2 protein chains.
Amino acid sequence: MRKVENVILKGNICYSQDSKNLIIEENSFLVCEDGKSAGVFREIPEKYCDFEVRDYGECLIVPGCVDLHLHAPQFAFRGFAMDLELLEWLDTVTFPEEARFSDLEYANRAYQMFADTMKKSATTRAVIFGTIHTEATICLMDWMEATGLKTYVGKVNMDQNCPEMLRESSGKSVEATKRWISRVEGAYQNVKPILTPRFIPSCSGQLLEGIADLQRQYHLPVQSHLSENPNEISWVHELYPDTQCYGEAYEKYGLFGENGNTVMAHCIYSDEKELELMKKRGVWIAHCPQSNMNLSSGIAPVRTYLERGMKIGLGTDMAAGFSESIFRAMGEAVQMSKMRWRLVDQSQPPLKLEEAFFLGTKGGGSFFGKVGSFEKGYEMDAIVLNDAKLPYPHALSVRQRLERMIYLSDDRHIQAKYVCGSQIF
Amino acid sequence: MRKVENVILKGNICYSQDSKNLIIEENSFLVCEDGKSAGVFREIPEKYCDFEVRDYGECLIVPGCVDLHLHAPQFAFRGFAMDLELLEWLDTVTFPEEARFSDLEYANRAYQMFADTMKKSATTRAVIFGTIHTEATICLMDWMEATGLKTYVGKVNMDQNCPEMLRESSGKSVEATKRWISRVEGAYQNVKPILTPRFIPSCSGQLLEGIADLQRQYHLPVQSHLSENPNEISWVHELYPDTQCYGEAYEKYGLFGENGNTVMAHCIYSDEKELELMKKRGVWIAHCPQSNMNLSSGIAPVRTYLERGMKIGLGTDMAAGFSESIFRAMGEAVQMSKMRWRLVDQSQPPLKLEEAFFLGTKGGGSFFGKVGSFEKGYEMDAIVLNDAKLPYPHALSVRQRLERMIYLSDDRHIQAKYVCGSQIF
């Protein structure tokens, strides 16, 4: 990783102001000062004239992508076992695979592959599940630190409704988490711990109470799953018959945004009650369209969430999603919104390019602070996209080229990547 | 293109017997004699012991993919204008773009790019729309001939409900088509003409009658569109109030499989009447899941079609589909069948890997004859897939590796490609 904290990037610059407004500045200068954007300019302002200028010619320069939800240990089986539904998939593929991470040598090998793929991707920020294993999770954090990406990584907690080999006792789970936090907090430049109760069915009340205690003590953010699948929701209702929605089961223990940033993956079936609670508590939604297809989960009402001003971004949910690409997730968010319009609710028009791009950059970026845009003061995460090898027989506008990159790009098209002004490659 | 008509390929060989049975022969020998499969063997039979053996080691060897429906002129705008529905998309993007192909210099540039992408893809057979322009269509056929892929290419016919610049008079359209056929029939080794009335709304009865006359005269196959979008279907019903289904409008003129192989793209909303007619006439269905998402069209009941023994394969429908990959179409056929199960009809379980793989190889291949499998006597179209650069931390079965390739592969993973035993690269 090359340190370039004061630098100017020249190219065709695209970024979101909000979910409706995509700013496109052709042949312009993105000024990065102390790792933050000082703004985008047609000419270099006098005060920055001694900054190094990197001219990326006709390339597109866009904010780094933000992945609000993925499982690092599942990377090893992305792209197969794609014919199961959530609860069956957990039992027959996911849990046995995750159990392998008790073997640190295996974890080291698998997490190196994961980190290498993330480094080459368009993602600059990610919120990541590990497994229950402390040593393997620290190994994951070490590998992610080396990528230069800014990430939250969580040691998973679960003490019920999972195979013996992945089951912790509630007391030991809390203790292990506490020791893990004390080892990793402040130990990295790029990686921070996040509390990670897997989901309501796999955590006892005692465990959730213990995690909430840790949150109050350490002020850490929380990640989990919410309202992904009808069977899962029924199960939560059986476990917590006194709650009016799934989210209330987290809230009951103080793990629903009361004491720190919280991100919940999926939220496909969140009802009015749950939406109100999420809005009130400022809970982020990680919309994972590819996963929601692959596990036959359904289609989240993303337009509704945007209209109601919910906090929302995108997740790949590897390996229920097989692709690490948030560009692909943007395209799939549009595609799934079209299927939802056609098959579920024609009062909600499909998402536009502007909205999908916002979700994958500034929408999810807000979980990390001022991240995901090039407005002045935003942390300068950037991707330089070179589409010269994607031929077309006539001239395209920058907006058309951006849309093509969302649908057609892969790691070959990423010419450079910056996080907080430092060049990753 | 290298001529290798008698050759043996060694590797992990996978092919469909039918939609339920995927045959996997590890470390085996696929014998190709005179461009056809002589079978797959664990040891090389005595009679083939003087054939050249190409050892592809751990690679997967699968039948070439078959794309039953795509539009070559639309390649130039794949990946943008992805937020429109069918009829709006035709008027604002597709027709203006297709009009450019009156310029032969432009057509030459655009079709070279298209052919180059097709050559590098996993596709070995394709059924392709051109435009109304005879010279441009011949240019497309020239480029496709050079790829070595086996294709059907059609000069489009339309004489109504389209912009002036793309409208032919019915008489001139038939005349031009007749002259085109006489110039191209038998002129190529790899490319054959196919009759291509665009779709019912853009063809007058007089034009359809003229095309049917040409079919009887030249015994050519036919390609068109069917039951893609509710608005389109209503429109056809207004145009032909006396027909009981959209397909009957083609049948009325003898263009629904009576006089030659016929493939109809989409068939999302085909009702009982239409299905019976297609079954009776042996009409192929080109299922195009990505297009059906992108144009908000809906989800075809593919399981029903398989259960009823319909002839069915996959299409990319470029550029309503942005990707040229039939592997991707296989994955999307599975994904869309899951969304259909979840949102439309829980009596029809999602497609399995075996079924999707069949659709993209042997299912569509049947349009070309004995194509899309490695059973004895099948034309030897093969793709050699090298997944060594897709890392995984533990051993995988060949079936798992095949599934990963369907979801994760791109042109980088195609190490070699054969059509009728001749090596394309």
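Only a predicted model underlies this, so the values are computations on that prediction, with no experimental measurement involved. Letters A, B, ... mirror the listed sequences (proteins, then strands); counts begin at 1.
When the options B/Met113, B/Glu97, B/Arg100 are evaluated for a side chain to side chain contact (heavy atoms under 4.5 Å, CB included) with A/Pro393, the one that passes is B/Met113.
No side-chain heavy atom of B/Leu353 sits less than 4.5 Å from a side-chain heavy atom of A/Met82. Taking 4.5 Å as the limit, some side-chain heavy atom of A/Arg78 sits within range of a side-chain heavy atom of B/Leu408.
The line from CZ of A/Phe322 to CD of B/Glu403 is 10.0 Å long, rounded to the nearest 0.5 Å. If you take OH on B/Tyr392 and CZ on A/Arg109, they are separated by 12.0 Å, rounding to the nearest 0.5 Å.
Closest approach of A/Phe80 to B/Gln400, counting heavy atoms only: CE1-NE2, 3.2 Å. For the residue pair A/Tyr407 and B/Arg328, the shortest heavy atom distance occurs at O-NH1, 4.4 Å.
Of the atoms belonging to B/Leu390, it is side-chain heavy atoms, and not backbone ones, that fall under 4.5 Å from chain A. With a 4.5 angstrom heavy-atom cutoff, A/Arg401 does not touch chain B via any of its atoms. Only the side chain of A/Leu396 comes within less than 4.5 Å of a heavy atom in chain B; its backbone stays farther off. For A/Asp410, the part lying under 4.5 angstrom from a heavy atom of chain B is the side chain only. For a residue to count as touching a neighbouring chain, one of its non-hydrogen atoms must lie under 4.5 Å from one of that chain's; by this rule A/Ile406 does not touch chain B. Heavy atoms of A/Asn108 lying under 4.5 Å from chain B are absent altogether.
Options A/Phe114, A/Phe75, A/Tyr106 differ in how many heavy-atom pairs under 4.5 Å they form with chain B, and the most are formed by A/Tyr106. When the candidates B/Gly331, B/Ser323, B/Ala81, B/Pro350 are compared by the number of heavy-atom contacts under 4.5 Å with chain A, B/Ala81 comes out ahead.
Residues of residues 336-346 of chain A lying within less than 4.5 angstrom of chain B, judged on heavy atoms, are A/Met336, A/Lys338, A/Met339, A/Trp341, A/Arg342, A/Leu343, A/Val344 in numerical order.
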Chi angles and distances behind the side chain to side chain contact (heavy atoms under 4.5 Å, CB included) call for A/Gln335, B/Gln290 | CA-CA 9 Å; A/Gln335 291 178 316; B/Gln290 188 178 94; 3.9 Å; yes

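With sequence neighbours excluded, the residues forming a side chain to side chain donor-acceptor pair (under 3.5 Å) with B/Glu354 are B/Arg399, listed by chain and number.
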